[in-house]
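These figures come from a predicted structure and were not determined experimentally. Below, each value reflects all heavy atoms present in this structure, side chains not excepted, and no hydrogens, waters or symmetry copies. Along the sequence shown, residues carry numbers from 1.
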Amino acid sequence: MKLIDLNKQDVFKIVSFDDVCENMKERLSSMGASKNSMGQIIHKSFFGPIEVEFNGSKIAIGRKMAKKIEVKKYSCPLFDK
């Protein structure tokens, strides 16, 4: 499953990055989005970036990038809202 396929409040773990250059992997990692990181979708609309929370830090991930991030979906809430 790809990050782009998740909905608001979905909890996930990053499994891998498909066709993502090393520079982008390092940039995402510096923001908390690395392999095996747990996160939750905070905001997702039909257009624009997807807002994701990792360990209390919120970041926006573009839709093209979200299509390249392989995730595993979980059913329990990660962060209290």
Donor-acceptor pairs under 3.5 Å, side chain of residues 28-38 to any protein atom, not counting sequence neighbours: which ones?
residue : atom : partner : partner atom : Å
Ser30   : OG   : Arg27   : O            : 2.7
Ser34   : OG   : Ser37   : OG           : 3.0
Ser37   : OG   : Gly32   : O            : 3.2
Ser37   : OG   : Ser34   : N            : 3.1
Ser37   : OG   : Ser34   : O            : 2.9

Smallest separation among heavy atoms of Ile42 and Glu53, with atom names: CD1-OE1, 3.3 Å
Within-4.5 Å side-chain heavy-atom neighbours: Ile4 and Ile50: yes
Side chain to side chain contact (heavy atoms under 4.5 Å, CB included) partners of Met1, counting only residues at least two apart: Asp5, Leu6, Val71, Lys73
Sequence-distant partners of Lys67, side-chain hydrogen bond (donor to acceptor under 3.5 Å, both in side chains), two or more places apart: none
Minimum-distance pair of heavy atoms, taken over all atoms of Gln40 and Phe12: N-CE2, 3.5 Å
Hydrophobic cluster of Phe47, others only, ordered by chain and residue number, side-chain cut-off 4.5 Å: Phe46
Ile41 to Asn7 - nearest heavy-atom pair and separation: CB-O, 3.3 Å
Rounded distance (nearest 0.5 Å) linking atom CZ of Arg63 with atom OG of Ser45: 6.0 Å
Set of residues satisfying salt bridge (Lys or Arg N to Asp or Glu O under 4.0 Å) with respect to Glu26, sequence neighbours excluded: none
Heavy-atom neighbours of Lys72 NZ exceed 12 at 6.0 Å: no
By side chain to side chain contact (heavy atoms under 4.5 Å, CB included) - contacts of Glu70 (at least two apart): Lys2, Val15, Ser16, Asp18
